Amino acid sequence: MYGLTNFLYGLFGIVLQVSIISSIIIVLILAFNKFFKNKLGIKFQYAMWIIVIFRLLIPVLPESSFSIFNLPSNIDKIFYSFFTPKENNISSLILYSGEKVSHIYNTDSMLSSLTSINLDSTKAESFQWSIPMILAFIWMFGILIIGVYTFLVNMKFKNSLKKHSPFYNKKVLYMLEDCKKQMGINRHIPIITTPLIKSPSLMGYFKPIILLPENILKVLPVKKLRYVFLHELSHFKRKDIPINWIISILKIVYWFNPVIQHGLNKMREDMEICCDSLALSYTKDEEVKEYGYTILNLIENFSRPTKLLGATSIISNKNEVKRRIVMIKLFNKKSYRITAFAVGVLIIFGGITLTNAKTLTFTSSKAVNVDKIDYSFVNDPKLVGRWQSVDFVNDIQDFKVDTKNFKGDLYVKELNFTSDGKVSKTVFTWTKNHILNPVDKTDSSYVIKDIDGSTYIFFQWKSGDYTMRGVKPSYYVLKKISSTPSLNTNMQGEKVKIKTDKVDYPFVNDSEIIGSWKSVDFVGKIRDFKPNTQQWKGDLFINNLTFSENGAVNNTAFTWTKGLIINKNIKTASKYTIKEINGSKYMFFEWKNGDYVERGATPYYYVLEQVK
């Protein structure tokens, strides 16, 4: 349950971020169109809305210093401070591996953290309600209600259509075939008349049909139906049916955002005007007025447009009829084309809106706070031992022995401080008065107090809120259980079963590996690596490795033999692969850290480039 809930929480975070960004783009487009007042053409205006569709569909886009979202630099801090439960915002869950610490698995966006959510509830912290979590459930509930209702209405409509036979009127069918021939459309498109709709519509892309109201011939003569067919066939020719499907789905997903709802409605209105322009391009100049009268006649006689998933209707929003008639009146054959200037504007606008800001990420690899961590070890016998978490407080004075301040389960349940300056199964090291994180580069103070006959430690928790966003750290409160630390228990208090490899291999020389190698990336799979593009957003723990002929490595935790890099301290044998790419040699070194040793995870790869 917890894992699925956490998945929903992360997914809503992505949707909310995309929603905010897309709302900004919609406001810019509306302002832009109002300023230029249709001077760049309707096709250009419609193309601007396609940018919004891309933005809503693709949550992860490349970063750029030209992105317009570099301007509101504090949006990510405001959003994250609301949306991330503070105690659970853990930037460093890192396990100890022999003499070295394992690699930190930071993520540079909520999307990457979403894909890494552990769905095994036995290993996850207990579920706890929060305002963002409640909003996530409301969002999903809204999707289910609207989605199910939309699905049922459309299924009912489609089932009802099966009772209706294709429309047979020679004059009307000849008119349709003539329009298809004129527009170069060879697809069979039947006509069905039905009392279920109130406006001529096109439905379906793979099996398209034109739907006409049952009394259509009482409202329009056959020759005026030509304009209706030209309009609906324009939707087919422009591939508007799949676009309408996408719009309908996005309206369901982003049901909570009125700006997006308004923007998608405006896109549909511009779609109709684009179809008017394309349809008119197949008419004579003197027919433009008749086309406009046909639209007015339909609006006068049919009360509302067809509200079907993916369907297009010649009557859209009645409130936009004035603009639509004006655009028809101003139509000329060249107006449907898009100018070179408009293309240039579109490229620039797309470049600044379809890229992410350098700083607009949920977790940035650039730290706001970096502490001094190079302290020499000084023992503190009071700290050595096993400690169990009892609370999480904003300030030390907030702690009450008989009252738990933090509502919910504590993520860090146990810490074990050893007499050699280590914290068992974690990234942390310690010296007197300091608990140090060498990966995040944080120095956390601790205070030990005797309260009511028990010993407590107040451990300053410097998570991503502190390192990335400069927030004042809170405190874990842990009670001393024993002066003897547990060496096989992790931060969650779980007994860890160690996985080991065979390590007693004879030395076999490999001339290819000998020499110095510099770390350039850290990837999930070898095929993910791209030269000159670092995918890992953060510092690389291993900076370089030097391999000697006798099997020695400058990092004393390792030795090597042909095909393997061995860590005898934690008993792992990691494969290495050497490849030549674009004239340079790269080594892909299997990183068997605590995730592999203690949880059986598939190892990632360090990518090292040979130093020439």
Side-chain angles (χ1 to χ4, degrees), residues 81 85-94 96 101 125 367-487 489-493:
S81 64
K86 190 171 185 178
E87 191 272 336
N88 293 331
N89 180 24
I90 297 170
S91 62
S92 305
L93 176 57
I94 312 164
Y96 188 70
V101 293
E125 64 208 84
V368 173
N369 287 320
V370 176
D371 299 336
K372 175 186 174 182
I373 59 171
D374 54 341
Y375 292 95
S376 57
F377 179 67
V378 179
N379 195 23
D380 183 357
K382 288 185 177 181
L383 183 61
V384 176
R386 185 178 183 184
W387 302 77
Q388 288 186 349
S389 294
V390 295
D391 208 349
F392 186 76
V393 296
N394 290 329
D395 294 293
I396 294 175
Q397 60 266 26
D398 295 339
F399 175 64
K400 302 288 188 300
V401 173
D402 300 323
T403 305
K404 186 179 178 184
N405 188 282
F406 185 77
K407 305 303 180 185
D409 273 7
L410 298 162
Y411 182 80
V412 175
K413 292 180 172 61
E414 184 171 310
L415 290 175
N416 290 274
F417 297 89
T418 62
S419 58
D420 58 353
K422 296 183 177 68
V423 185
S424 177
K425 308 303 176 188
T426 75
V427 67
F428 299 115
T429 60
W430 69 272
T431 184
K432 189 171 185 178
N433 299 325
H434 304 276
I435 299 174
L436 307 169
N437 183 331
V439 179
D440 275 0
K441 296 182 176 61
T442 59
D443 168 20
S444 297
S445 64
Y446 67 85
V447 177
I448 297 176
K449 289 188 173 187
D450 291 323
I451 306 173
D452 294 347
S454 297
T455 304
Y456 296 89
I457 182 175
F458 295 85
F459 165 31
Q460 204 176 30
W461 186 246
K462 292 186 174 179
S463 65
D465 283 327
Y466 171 81
T467 57
M468 303 297 176
R469 290 169 291 282
V471 177
K472 179 185 174 183
S474 296
Y475 291 84
Y476 264 105
V477 186
L478 301 100
K479 183 178 180 181
K480 193 164 191 177
I481 302 302
S482 171
S483 294
T484 304
S486 172
L487 301 181
T489 305
N490 63 16
M491 287 198 297
Q492 286 70 52

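Predicted, not measured: the structure shown is a model, and the values here were computed from it.
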- Task: Could I get the full list of ring-ring contact (aromatic ring centres under 6.0 Å, His included) partners for Y475, not counting sequence neighbours?
- Result: none

- Query: Residues two or more places apart in sequence or in another chain: which of them pass ring-ring contact (aromatic ring centres under 6.0 Å, His included) with Y446?
  - Reply: none

- Item | With sequence neighbours excluded, residues passing side chain to side chain donor-acceptor pair (under 3.5 Å) with D450 | T455

- Task: Please confirm whether the backbone N or O of V412 pairs with a side-chain atom of S389, one donor and one acceptor, at under 3.5 Å?
- Result: yes

- Item | Separation between CZ of R386 and CG of L415, rounded to the nearest 0.5 Å | 11.5 Å

- Query: NZ of K432: more than 12 outside heavy atoms within 6.0 angstrom?
  - Reply: no

- Task: Only counting residues at least two apart or in another chain, list the ones meeting salt bridge (charged side-chain N to carboxylate O under 4.0 Å, His left out) with D374.
- Result: none

- Under the side-chain contact (heavy atoms from CB on, under 4.5 Å) test, residues paired with D395 that sit two or more places apart: Q397, D398, K472

- How would you list, by chain and number, every residue that makes a side-chain contact (heavy atoms from CB on, under 4.5 Å) with Y375, sequence neighbours excluded? K372, T431, H434, L436, D443

- Check F458, F392, F406, F459 against F399 for a ring pair (Phe, Tyr, Trp, His ring centres under 6.0 Å) and give me the one that passes. F458

- Item | Set of residues satisfying side chain to side chain donor-acceptor pair (under 3.5 Å) with respect to S445, sequence neighbours excluded | Q460

- Calculate, to the nearest 0.5 Å, the distance between atoms NZ and OG belonging to K449 and S454 respectively. 15.0 Å

- Message: For a side-chain contact (heavy atoms from CB on, under 4.5 Å) check, start with the C-alpha distance between V447 and I457, then their side-chain angles and the critical distance, and finish with the verdict.
- Response: CA-CA 6 Å; V447 177; I457 182 175; over 6 Å; no

- At what distance, to the nearest 0.5 angstrom, does CG of L383 lie from OG of S419? 11.0 Å

- Go through the structure and list residues passing side chain to side chain donor-acceptor pair (under 3.5 Å) with D371, not counting sequence neighbours. K462, Y466

- Query: Given the rule in the side-chain contact (heavy atoms from CB on, under 4.5 Å) test, do V390 and Y476 qualify, once you have shown the distances and angles that lead to the verdict?
  - Reply: CA-CA 8 Å; V390 295; Y476 264 105; over 6 Å; no

- Message: Can a donor-acceptor pair be found, under 3.5 Å and without considering hydrogens, that links the side chain of W430 to the backbone of T418?
- Response: yes

- Query: Can you tell me if T403 uses its side chain to pair, donor with acceptor, with the backbone of K400 under 3.5 Å?
  - Reply: no

- Separation between CG (N416) and OG1 (T426), nearest 0.5 Å, reads 9.0 Å

Donor-acceptor pairs under 3.5 Å, side chain of residues 477-487 to any protein atom, not counting sequence neighbours: which ones?
unit_1 : atom_1 : unit_2 : atom_2 : d
K480   : NZ     : K382   : O      : 2.8
K480   : NZ     : V384   : O      : 3.1
S482   : OG     : T484   : N      : 3.0
S482   : OG     : T484   : O      : 3.4
S486   : OG     : N488   : OD1    : 3.2
S486   : OG     : T489   : OG1    : 2.5

- Query: How far does OG of S474 sit from CG of D391, to the nearest 0.5 angstrom?
  - Reply: 10.5 Å

